[in-house]
Novice: 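A single structure is presented below for examination.
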Amino acid sequence: MKFLIIPLFLLSFTLHDKTVDNALPCICKLQHTFPTPPVSDQTLFYIQRTPNHNTIMYDLNMKKGKLDTEEPVHVYWIRYGENGQKEELSYIQRQFAYGLKTRKLADNRFELSFVSYKKQLLYLEWSALLNRYRIHTTINGKTIDVNKVFLQIEGGSFWVPNVVCVEVKGTDPTTGKEVVQLFKP
């Protein structure tokens, strides 16, 4: 059951600049209709997916002004389909879909993986250059700071949704240029 396809965006795919290339395997539709969630200094990235506008937020988990080293990322919903309220993930969502496993590597550096996809690692670390924490991963030998993920789901089931397109937006940490990655799982 831990093989939910939700974080499939971290499988192998090629980095592309913001300009969408016609050779890309898919184009995610509908995301222009999704609300942009409020972001703060604590926001790391967020996931949006069809069939509704509810958004999964990944924020720094700060306690008394310091990063909680036991659980550095707070994952929660913004329930746009209801009243736009914040809501904690359910046990099933946390344990089988959107939750993160965390391992402290050093002060201000953590290795993260989605509970539903452990193969692709994410790293949370302090960036002196940006003067903030960032989430990054390496794909095809290139590092990207992850900002947003959009999943287009058409059918399937609760446990195995049919993800037809994934778009990841992020920043190239070397150039500061936005990169967009599209792939069809």
Novice: Within the side chain of N54, is there an N or O that forms a donor-acceptor pair under 3.5 Å with the backbone of Y80?
Specialist: yes
Novice: Among all residues two or more places apart in sequence or in another chain, which pass the salt bridge (Lys or Arg N to Asp or Glu O under 4.0 Å) test with E125?
Specialist: R109, R134
Novice: Answer yes if I56 and L124 sit in the same cluster of Ile, Leu, Val, Met, Phe, Trp and Tyr residues linked by side chain heavy atoms under 4.5 Å apart, and no otherwise.
Specialist: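 They do share one cluster, since a chain of ILVMFWY contacts under 4.5 Å joins I56 to L124.
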Novice: Please determine whether residues L60 and V39 belong to a single hydrophobic cluster, defined as Ile, Leu, Val, Met, Phe, Trp and Tyr linked transitively by side-chain heavy-atom distances below 4.5 Å.
Specialist: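 No, separate clusters.
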Novice: If you measure only the distance, is there a donor-acceptor pair under 3.5 Å linking the side chains of N147 and Y46?
Specialist: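 The criterion, which ignores hydrogens and geometry beyond distance, is not satisfied for Y46 and N147.
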Novice: Quick one: salt bridge (Lys or Arg N to Asp or Glu O under 4.0 Å) pairs with a partner in residues 72-94, sequence neighbours left out?
Specialist: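 Passing the test, one end in residues 72-94: R79-E82, R79-E87.
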Novice: Let me check something: do Y76 and I47 share a hydrophobic cluster, defined by ILVMFWY side-chain heavy atoms less than 4.5 Å apart, either directly or through other members?
Specialist: no
Novice: Apply side chain to side chain donor-acceptor pair (under 3.5 Å) to T102 and list each qualifying residue two or more places apart in sequence or on a separate chain.
Specialist: none
Novice: Are there more than 12 heavy atoms of other residues, nucleotides or ligands under 6.0 Å from atom CD of E70?
Specialist: no
Novice: Establish whether V75 and L122 are linked, either directly or via other cluster members, by ILVMFWY side-chain heavy-atom contacts under 4.5 Å.
Specialist: yes
Novice: Using 0.5 Å steps for rounding, measure from the NZ atom of K177 to the CD1 atom of I144.
Specialist: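 Here the rounded value is 12.5 Å.
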Novice: Please confirm whether the backbone N or O of Q42 pairs with a side-chain atom of S40, one donor and one acceptor, at under 3.5 Å?
Specialist: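 Flag set: sc S40 to bb Q42 pair under 3.5 Å.
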Novice: What residues join L130 in its hydrophobic cluster, counting side-chain heavy atom gaps under 4.5 Å, either direct or through other members?
Specialist: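 Besides L130, the cluster holds no residue at all.
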Novice: Side chains of Q152 and T50 only: does a donor on one sit below 3.5 Å from an acceptor on the other?
Specialist: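 The criterion, which ignores hydrogens and geometry beyond distance, is not satisfied for T50 and Q152.
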Novice: Hey, what do you get for CG (L44) to CE (M57), rounding to the nearest 0.5 Å?
Specialist: 9.0 Å
Novice: For D41 and R132, run side-chain contact (heavy atoms from CB on, under 4.5 Å): C-alpha distance rounded to whole Å, both residues' side-chain angles, the deciding distance at 0.1 Å, then the answer.
Specialist: CA-CA 8 Å; D41 291 342; R132 66 174 176 83; over 6 Å; no
Novice: Using a 3.5 Å distance criterion without hydrogens, assess whether the side chain of T55 forms a donor-acceptor pair with backbone atoms of H53.
Specialist: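 Pair found, side chain donor or acceptor close to backbone of H53.
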Novice: Sequence neighbours left out, what passes side chain to side chain donor-acceptor pair (under 3.5 Å) with T175? Give chain and number order.
Specialist: none
Novice: Checking K118 against V115 for the side-chain contact (heavy atoms from CB on, under 4.5 Å) test, could you report, in this order, the C-alpha distance in whole Å, the side-chain angles of both residues, the deciding distance, and whether it holds?
Specialist: CA-CA 6 Å; K118 297 176 180 106; V115 293; 5.7 Å; no
Novice: With a 3.5 Å distance limit and no angle check, can you tell me whether T171 reaches the backbone of D145 through a side-chain donor-acceptor pair?
Specialist: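 No: the side chain of T171 does not pair with the backbone of D145.
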Novice: Taking only residues two or more places apart in sequence, or in another chain, which ones meet K63 in a side-chain contact (heavy atoms from CB on, under 4.5 Å)?
Specialist: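 Result, side-chain contact (heavy atoms from CB on, under 4.5 Å) vs K63: N61, D68.
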Novice: May I ask you to check whether Y123 and F110 place their ring centres under 6.0 Å from each other?
Specialist: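 Ring centres of Y123 and F110 not closer than 6.0 Å.
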Novice: Angle between ring planes, F45 versus Y58, binned at 30° and 60°: parallel, tilted or perpendicular?
Specialist: parallel
Novice: Check for a donor-acceptor pair, side chain of Q48 on one end and backbone N or O of P35 on the other, with a separation under 3.5 Å.
Specialist: yes
Novice: Just verifying a value: how many Å separate W126 CH2 and L129 CG, rounded to the nearest 0.5 Å?
Specialist: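 Spacing of CH2 (W126) from CG (L129) equals 11.5 Å.
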Novice: Quick check against the 3.5 Å criterion: does D172 have a side-chain atom that pairs as donor or acceptor with the backbone of T174?
Specialist: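 Yes; judged by distance alone, with no hydrogens or angles, the pair exists.
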Novice: How many angstroms lie between atom CG of L112 and atom CG of L100, to the nearest 0.5 angstrom?
Specialist: 5.5 Å
